[in-house]
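These notes are about the structure you will find just below.
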Amino acid sequence: MGDGCETLEFQAEARQLLRLVIHSIYSNKDIFLRELISNASDALDKLRVESLTADADLGADTSDLHIALETDRESRTLTIRDNGIGMTRDEVVDLIGTIARSGTADLLQKLKAAEDSAVQGLIGQFGVGFYSAFMVAERVTLTTRRAGTEAGTRWDSDGEGTYEIRAVDGLPVGTSVTLHLKPSDDEDAQADYLAEWKIREIVKQYSDFVRWPIRLATGRPADAGDGTAGVRTLNSMKALWARPRSEVTDAEYAAFYKRISHDPLAPAETIHMRAEGKFEFEALLFLPSQAPLDLFSREGKRGVQLYVKSVFIMDDCAALMPNYLRFVKGVVDAHDLPLTISRESLQHDRRIQSVRRHLVKKVLGSLKGVQESDAERYAKLWKQFGPALKEGLLEDPDNAGHLMELLSAASTHDKERTTTLRAYTERMKDDQTAIYYLTGESRAIVENSPHMEAFAARGYEVLILTDPIDEIWVGQVSEFAGHPLRSIAKGQLDLGEPDGGHANAKAATAEQEREFASLLPWLTAALAGQVKQVRLSSRLTEAAACIVGEASDISPLLEKMYRSMGQQLTSVKRTLEVNPAHPLITALRAAHEKNPDDAALKEIAELVYGSAVLAEGGDLPDPARFSRLLTDRLPGTL
């Protein structure tokens with residue numbers, strides 16, 4: 001035996017998590033074995049890679065890498081043992097005693113609020129699966145020795161706040177986790193985890209595709225054909241992606257997806273592919289049914305698992321999948337990469353770039369297939385992943401055309417259903433050349449915008465874009481299917497008269513220009529601090545005024561977003577358009593003609609401008625002044 005025992009405290013967050021795991025009552029405690037087997041499999045993967053790539057001799061036998069499950073009814077213990085990479089004392093303290101993750105607070109909150117069916121996904125998702133052992137064990141003992149070292153470590157805890165750790169001599173390389181099980185209790189969903197049938201059931205459901213043999217000591221002659229007396233291999237070990245698609249069932253795909261993603265739901269789509277030629281690889285990809293919790297977190301997981309010739313290389317290989325497809329889960333097994341390849345070199349490897357192009361094409365093609373075959377199911381997928389896919393319009397110009405085909409947006413055509421751009425163009429009026437859109441913070445703000453009035457009167461459909469990223473991508477994508485994308489809040493519009501009426505529209509416009517010839521320059525001067533110019537509007541039918549930007553101007557909402565992120569921007573002055581038929585504007589014209597020096601007129605001009613800013617959901621430069629001017633003027637109208 002080595003040096004004496006030392007008692008240490010769990011990190012505060014780890015203690016909170018342990019209390020939740022131990023004392024929460026929910027049905028599926030079986031996942032503890034899935035998590036511990038997964039950890040053991042990772043340890044075997046790491047030893048295999050290090051033994052093939054490390055310069056130093058690790059002193060480990062890799063000829064029979066496996067996971068062993070051992071039961072002892074007399075002592076009521078279940079042991080999960082592997083001959084993998086093992087851990088040093090410091091690694092044990094760091095990996096088990098501390099949760100060094102910035103997402104811990106978020107995890108604790110979600111675990112407290114989660115429904116029973118969601119808990120199993122949350123436990124694995126945040127990388128703390130070892131703690132699930134305390135759902136079924138009164139005490140856990142771990143012994144381990146890292147390959148290439150002589151010192152072994154023993155760790156013991158009842159999960160209540162402290163753990164004991166000591167040095168141990170004579171341990172084999174690898175890790176052994178012994179669970180001192182709680183008594184069986186049907187009411188508390190505490191199954192008999194010493195029963196062979198139960199262990200077999202759990203391994204089959206969750207760990208059948210683990211590539212290392214999972215062996216159970218049965219105490220009977222083996223009948224699994226592995227030549228090891230008294231031992232039965234429980235899992236198939238056959239890499240699912242290496243089997244023909246015709247030989248894999250939907251249930252097997254779903255089980256594999258759940259194991260690698262820790263998602264309790266079945267995948268929405270499965271993509272099983274094999275590429276041959278200069279660079280061979282197999283891939284098994286999944287589109288989730290719902291967005292992962294960390295989809296928009298900077299620290300969220302990115303990419304898929306990378307194997308080389310069935311040897312695990314790394315999780316979350318971002319080089320294989322663009323950021324906007326970060327929700328895709330799965331495995332890529334490449335045949336022609338070196339086992340020593342690093343994350344840094346992956347970014348520039350031409351073979352990886354070729355694989356990436358193939359994968360992106362397949363994923364986008366799969367989404368297109370759903371869009372064409374099942375509009376309702378596609379609408380659900382778009383709701384979950386649309387904001388991420390739209391990032392691709394900025395990041396991946398080579399696939400912008402495919403992404404525009406996939407794009408789905410709300411529009412004035414239907415209050416409930418979204419539309420594709422292709423469907424929009426098929427509904428366009430005969431005289432319509434552009435695809436019209438308006439961005440805003442919400443559908444209600446966009447629908448009630450003064451900019452909508454002329455389009456509603458003339459029956460033109462307008463896309464309603466309310467995702468924050470919409471403000472950015474519309475500035476990068478200029479057209480779809482030969483039709484320019486045009487904001488109805490920018491530039492001057494000539495939509496003609498509603499229903500094609502009023503043949504003398506041009507003459508009427510010229511007459512209005514003459515009538516307002518003195519008011520417009522006066523308004524421009526009166527509002528010089530806020531607007532670039534004031535002009536008559538052809539887009540308003542009911543509102544008194546609206547704010548219009550130039551085609552190249554940054555939108556107010558995007559300007560607000562950039563400022564909220566601390567960016568310094570020069571304020572952009574925009575144009576105020578006034579409705580020549582509105583009673584307020586005609587009255588203002590008459591008052592100006594009667595007494596252009598009346599000081600009250602400038603205050604009315606400010607109210608007109610402020611009302612236009614508020615109508616588009618903008619921020620007033622001086623809200624207190626606007627409020628005072630409004631309350632001062634209202635009594636005169638009563």
Side-chain angles (χ1 to χ4, degrees), residues 409-415 419 421 424 427-429 431-468 470-475 478 483-499 505 509 512 520 523 527 530-561 572-582 584-585 607-620:
S411 88
T412 55
H413 174 70
D414 192 316
K415 286 187 175 293
T419 183
L421 294 183
Y424 178 104
R427 290 190 298 267
M428 287 172 57
K429 289 180 170 292
D431 61 346
Q432 183 180 349
T433 58
I435 297 172
Y436 296 115
Y437 70 87
L438 184 60
T439 60
E441 293 185 340
S442 69
R443 179 168 188 134
I445 290 175
V446 173
E447 284 185 324
N448 293 308
S449 169
H451 295 289
M452 284 286 195
E453 294 177 0
F455 291 84
R458 292 159 176 80
Y460 286 112
E461 182 177 352
V462 179
L463 299 178
I464 300 172
L465 305 180
T466 56
D467 280 337
D470 290 335
E471 293 285 344
I472 305 174
W473 74 259
V474 292
S478 59
H483 299 285
L485 271 67
R486 186 166 183 186
S487 169
I488 67 171
K490 293 184 178 182
Q492 290 184 292
L493 295 175
D494 182 12
L495 299 179
E497 289 298 304
D499 302 321
T509 300
Q512 289 172 340
L520 297 179
L523 280 172
L527 298 172
Q530 286 81 42
V531 303
K532 182 188 299 183
Q533 65 169 323
V534 180
R535 68 185 180 214
L536 295 182
S537 179
S538 62
R539 72 184 83 211
L540 297 175
T541 61
E542 297 179 7
C546 66
I547 305 294
V548 178
E550 298 304 322
S552 60
D553 285 350
I554 185 174
S555 71
L557 188 56
L558 186 56
E559 182 179 347
K560 187 190 300 184
M561 288 168 52
V572 177
K573 289 184 180 180
R574 297 184 296 149
T575 296
L576 177 67
E577 286 192 354
V578 296
N579 181 355
H582 195 279
L584 176 59
I585 303 302
L607 287 173
V608 171
Y609 169 74
S611 298
V613 171
L614 290 176
E616 69 171 8
D619 295 329
L620 293 171

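Numbering of residues begins at 1 and proceeds along the displayed sequence.
By the side-chain contact (heavy atoms from CB on, under 4.5 Å) test, Leu620 pairs with Val613, Leu614, Pro623, Phe626, sequence neighbours left out. Take Ala581 and apply the side-chain contact (heavy atoms from CB on, under 4.5 Å) test, not counting sequence neighbours, and it matches Asn579. For Tyr437, there are no side-chain hydrogen bond (donor to acceptor under 3.5 Å, both in side chains) partners at least two apart in sequence or on another chain. Annotation: salt bridge (Lys or Arg N to Asp or Glu O under 4.0 Å) contacts of Lys415 (sequence neighbours excluded): Glu447. Partners of Ser611 by side-chain hydrogen bond (donor to acceptor under 3.5 Å, both in side chains), not counting sequence neighbours: none found. Partners of Asn448 according to the side-chain hydrogen bond (donor to acceptor under 3.5 Å, both in side chains) rule, which considers only residues two or more places apart in sequence or in another chain, do not exist here. Partners of Ser449 under the side-chain hydrogen bond (donor to acceptor under 3.5 Å, both in side chains) rule, at least two apart in sequence or in another chain, do not exist in this structure. For the salt bridge (Lys or Arg N to Asp or Glu O under 4.0 Å) test, no residue two or more places apart in sequence or in another chain qualifies with Glu453. By the salt bridge (Lys or Arg N to Asp or Glu O under 4.0 Å) test, Glu441 pairs with Lys560, sequence neighbours left out. Ala615 is linked by a side-chain contact (heavy atoms from CB on, under 4.5 Å) to Pro450, counting only residues two or more places apart in sequence or in another chain. In this view, Glu616 and Arg574 satisfy the salt bridge (Lys or Arg N to Asp or Glu O under 4.0 Å) rule, not counting sequence neighbours. Ala545 pairs by the side-chain contact (heavy atoms from CB on, under 4.5 Å) definition with Leu576, Val578, Val608, Ala612, not counting sequence neighbours.
Annotation for Thr466 and Ser442: closest pair CG2-C, 3.5 Å, computed over non-hydrogen atoms. Closest non-hydrogen pair, Cys546 versus His451, comes out as SG-CE1, 3.7 Å. For the pair Arg486 and Ala434, the tightest heavy-atom approach, listed with the atom from each and the gap, is CB-CB, 4.2 Å.
Just one of Thr419, Thr439, Ile488, Leu438 meets the side chain to side chain contact (heavy atoms under 4.5 Å, CB included) condition when paired with Leu463; it is Thr419.
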Handout entry: side chain to side chain contact (heavy atoms under 4.5 Å, CB included) between Met452 and Thr412, worked out
Key = CA-CA 10 Å; Met452 284 286 195; Thr412 55; 3.9 Å; yes
Handout entry: Lys429 vs Arg458, side chain to side chain contact (heavy atoms under 4.5 Å, CB included): CA-CA, chis, key distance, verdict
Key = CA-CA 10 Å; Lys429 289 180 170 292; Arg458 292 159 176 80; 5.6 Å; no
Problem - CA sep, side-chain torsions, deciding dist, call: Asp467, Trp473, side chain to side chain contact (heavy atoms under 4.5 Å, CB included) - result: CA-CA 10 Å; Asp467 280 337; Trp473 74 259; over 6 Å; no
Exercise for the section: May I have the step-by-step check of side chain to side chain contact (heavy atoms under 4.5 Å, CB included) for Gln533 and Leu520, ending in yes or no? Expected result: CA-CA 8 Å; Gln533 65 169 323; Leu520 297 179; over 6 Å; no
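Proximity of a side-chain donor or acceptor of Tyr424 to a complementary backbone N or O of Glu461 within less than 3.5 Å is detected. At least one donor-acceptor pair under 3.5 Å links the side chain of His483 to the backbone N or O of Thr433.
Here the straight-line distance linking atom NE2 of His582 with atom OG1 of Thr541 works out to 10.0 Å at 0.5 Å rounding. Within the model, atoms CD of Glu577 and CG of Leu536 stand 8.5 Å from one another, a figure rounded to the nearest 0.5 Å. Between the NZ atom in Lys573 and the CD atom in Gln530 there is a gap of 8.0 Å [rounded to 0.5 Å].
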